[in-house]
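Reviewing the structure listed below.
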Amino acid sequence: MRNDIAIQMYSIKDITNENPLNGFKLVSELGFKNIELAGDYGLSADEFKAKCDEYGLKVISAHIGGENRPIEEIKEIIKFQTAVGNNMVVCPWSPCNDLESTKKIAKSLKGMQDIYESEGFAFGYHNHGFELNKIDGDLRIIDIIAAEGVKLQPDIHWVKVGGAEPLDFMKQYKNQIISLHFKEYGANNTNPEFGEGGILDWQAIMDFGKEIGVEYNILEQEEYSLPVEESIAVCAKNLNKMFK
């Protein structure tokens with residue numbers, strides 16, 4: 001697997017919920033070198049790092065919820081993530097639903113970003129479809145968050161579900177993108193396995209991402225037409241075929 005591709009471990013949550021080690025083993029066997037975290041599985045930082053080393057995996061990012069965390073919690077997160085070798089944290093969602101709440105959350109996210117960046121971390125916000133909703137004239141929720149200076153981790157599938165063209169969105173926010181989520185987009189807003197019936201030009205998306213300095217393209221799978229292990233294996237095969 002190319003070194004600019006990672007997998008969001010949420011994609012195999014059914015496996016890691018039963019036994020985290022089976023998750024490490026699976027993604028390693030499928031050729032992934034980089035992982036984005038969606039929890040610590042109850043492991044200490046030293047235990048987590050040891051397992052990553054055992055399976056040849058590098059933590060390149062972590063999804064950590066909560067836009068109003070106190071600084072003490074942020075410091076503990078930074079301590080853990082530093083110990084496992086990671087320097088990127090992403091807020092996976094926030095409950096924005098109107099202009100007032102979005103402005104408050106945007107300011108909170110920017111405050112958190114300032115703390116993380118002061119410690120040498122990249123920080124960003126991961127969108128779903130609802131952040132593409134307009135709540136102030138032509139301004140969408142994501143526009144208000146970004147206007148506050150918050151960096152972004154565009155989820156390409158959800159950008160499309162929200163009604164925007166992914167390349168147009170990336171061009172609009174080319175100076176604020178810290179990484180990309182590669183989630184396949186199929187007919188009727190479905191999420192087929194990557195490379196299986198999607199309609200997006202992933203090569204163009206990756207090429208533009210590289211042009212603007214995106215270091216990691218992160219596979220995330222949320223729907224499965226096969227058992228999870230087989231589904232992720234199909235995604236890995238197609239990633240390797242598409243991006244040699």
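Nothing here was measured: the structure is a model prediction, and the numbers come from that model.
- Under the 4.5 Å side-chain criterion, counting only non-hydrogen atoms from C-beta, Asn238 is not in contact with Glu184.
- A distance of 5.5 Å separates CZ of Phe123 from CG of Leu109, quoted to the nearest 0.5 Å.
- Between the side chains of Glu223 and Thr190, no donor-acceptor pair of N or O atoms lies under 3.5 Å.
- A donor-acceptor distance shorter than 3.5 angstrom exists from the side chain of Asn191 to the backbone of Glu222, with no hydrogens or angles considered.
- There is a path of hydrophobic side-chain contacts, each under 4.5 Å, that joins Met112 to Val150.
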**Prompt:** Going through the checks in order, is the side chain to side chain contact (heavy atoms under 4.5 Å, CB included) test met by Ile156 and Lys183?
**Reply:** CA-CA 6 Å; Ile156 299 301; Lys183 183 183 298 173; over 6 Å; no

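- Counting heavy atoms from C-beta on, the side chains of Lys58 and Asn3 never come closer than 4.5 Å.
- Ring pair His128/Phe130 is parallel by interplanar angle, where below 30° counts as parallel and above 60° as perpendicular.
- Here the straight-line distance linking atom CG of Asp201 with atom CD of Glu165 works out to 11.0 Å at 0.5 Å rounding.
- Closest heavy-atom contact between Gly120 and Asn87: O-CB, 4.0 Å.
- Here the options are Phe243, Phe208, Phe194, Tyr185, the test is ring pair (Phe, Tyr, Trp, His ring centres under 6.0 Å), and the partner is Trp202; only Phe194 passes.
- The distance from the CG atom of Leu219 to the NE2 atom of His181 is 9.0 Å, given to the nearest 0.5 Å.
- Counting non-hydrogen atoms of other residues, nucleotides and ligands closer than 6.0 Å to CD of Gln203 gives a total above 12.
- More than 12 heavy atoms of other residues, nucleotides or ligands shown are found within 6.0 angstrom of NZ on Lys110.
- Put simply, Leu226 and Val27 are part of two different groups of oily side chains (I, L, V, M, F, W, Y) that touch within less than 4.5 Å, one to the next.
- One finds the NZ atom of Lys104 at 9.0 Å from the CG atom of Asp98 (value rounded to the nearest 0.5 Å).
- Between Leu152 and Asn127 the shortest side-chain heavy-atom distance does not fall below 4.5 Å.
- Listed here is the closest heavy atom pair of Cys52 and Val59: SG-CG2, 3.8 Å.
- At least one side-chain heavy atom of Gln172 sits less than 4.5 Å from a side-chain heavy atom of Asp143.
- The nearest pair of heavy atoms linking Met88 to Ile178 is CE-O, 3.8 Å.
- For Gln153 and His63, the side-chain atoms include at least one donor-acceptor pair closer than 3.5 Å.
- Under a hydrophobic clustering in which Ile, Leu, Val, Met, Phe, Trp and Tyr are joined whenever their side-chain heavy atoms come within less than 4.5 Å, directly or via other members, Val234 and Met9 fall into different clusters.
- Residues passing the salt bridge (charged side-chain N to carboxylate O under 4.0 Å, His left out) test with Lys51, sequence neighbours excluded: Glu54.
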**Message:** Assess the residue pair Val214 and Met170 against the criterion (side chain to side chain contact (heavy atoms under 4.5 Å, CB included)); give the C-alpha distance rounded to whole Å, side-chain angles, the decisive distance to 0.1 Å, and a yes or no.
**Reply:** CA-CA 11 Å; Val214 171; Met170 290 171 65; 5.6 Å; no

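- Proximity of a side-chain donor or acceptor of Tyr55 to a complementary backbone N or O of Gly23 within less than 3.5 Å is not detected.
- Here the side chains of Asn217 and Arg2 are not in contact, with every heavy-atom distance at 4.5 Å or above.
- Between Ile5 and Phe182 there is no side-chain heavy-atom pair separated by less than 4.5 Å.
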**Derivation and outcome, salt bridge (Lys or Arg N to Asp or Glu O under 4.0 Å), residues Lys75 and Glu119** = CA-CA 9 Å; Lys75 293 291 186 181; Glu119 297 289 339; 2.8 Å; yes

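- When only modelled atom types and interatomic distance are considered, Gln113 and Glu148 share no side-chain donor-acceptor pair under 3.5 Å.
- Shown here is Glu215, whose CD atom has no more than 12 heavy atoms of other residues, nucleotides or ligands within 6.0 Å.
- One hydrophobic cluster, built from ILVMFWY side chains closer than 4.5 Å, holds both Leu180 and Phe32.
- Counting heavy atoms from C-beta outward, Met206 and Met242 have side chains that stay 4.5 Å or more apart.
- Separating the CG atom in Leu139 from the CD1 atom in Ile141 is a distance of 11.0 Å, to the nearest 0.5 Å.
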**Message:** I'd like to know whether Asp4 forms a side chain to side chain contact (heavy atoms under 4.5 Å, CB included) with Lys210, so could you lay out the CA-CA distance, the side-chain angles of the two residues, the decisive distance to 0.1 Å, and finally the verdict.
**Reply:** CA-CA 9 Å; Asp4 54 358; Lys210 185 175 182 180; 5.8 Å; no

**Request:** In sequence, state the C-alpha distance, the side-chain angles, and the governing distance for Ser11 and Gln221, and then conclude on side chain to side chain donor-acceptor pair (under 3.5 Å).
**Result:** CA-CA 5 Å; Ser11 304; Gln221 191 67 29; over 6 Å; no

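- In terms of heavy-atom proximity, Ala146 sits nearest to Gln176 at O-NE2, 3.1 Å.
- Looking at Phe169 and Pro154, their side chains come closer than 4.5 Å, going by heavy atoms from C-beta outward.
- Here the CD1-CG distance, from Ile15 to Asn22, works out to 7.5 Å after rounding to the nearest 0.5 Å.
- A continuous path of ILVMFWY side-chain contacts below 4.5 Å connects Val161 to Tyr224, so both sit in one hydrophobic cluster.
- For an aromatic pair to be called close, the ring centres must be under 6.0 Å apart, and Phe24 with Phe48 satisfies this.
- The nearest pair of heavy atoms linking Ile218 to Ile7 is CG2-C, 3.9 Å.
- Although no hydrogens or angles enter the test, the distance criterion places no donor-acceptor pair under 3.5 Å between the side chain of Thr82 and the main chain of Lys79.
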**Item:** Worked check of side chain to side chain contact (heavy atoms under 4.5 Å, CB included) between Ile77 and Ile64
**Value:** CA-CA 9 Å; Ile77 291 168; Ile64 299 175; 3.3 Å; yes

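- Nearest heavy-atom pair, Ile145 versus Ala106, reported as atom, atom and distance to 0.1 Å: CA-CB, 3.8 Å.
- A 6.0 Å sphere centred on NZ of Lys13 holds more than 12 heavy atoms belonging to other residues, nucleotides or ligands.
- A donor-acceptor contact closer than 3.5 angstrom is absent between the side chains of Glu36 and Tyr216.
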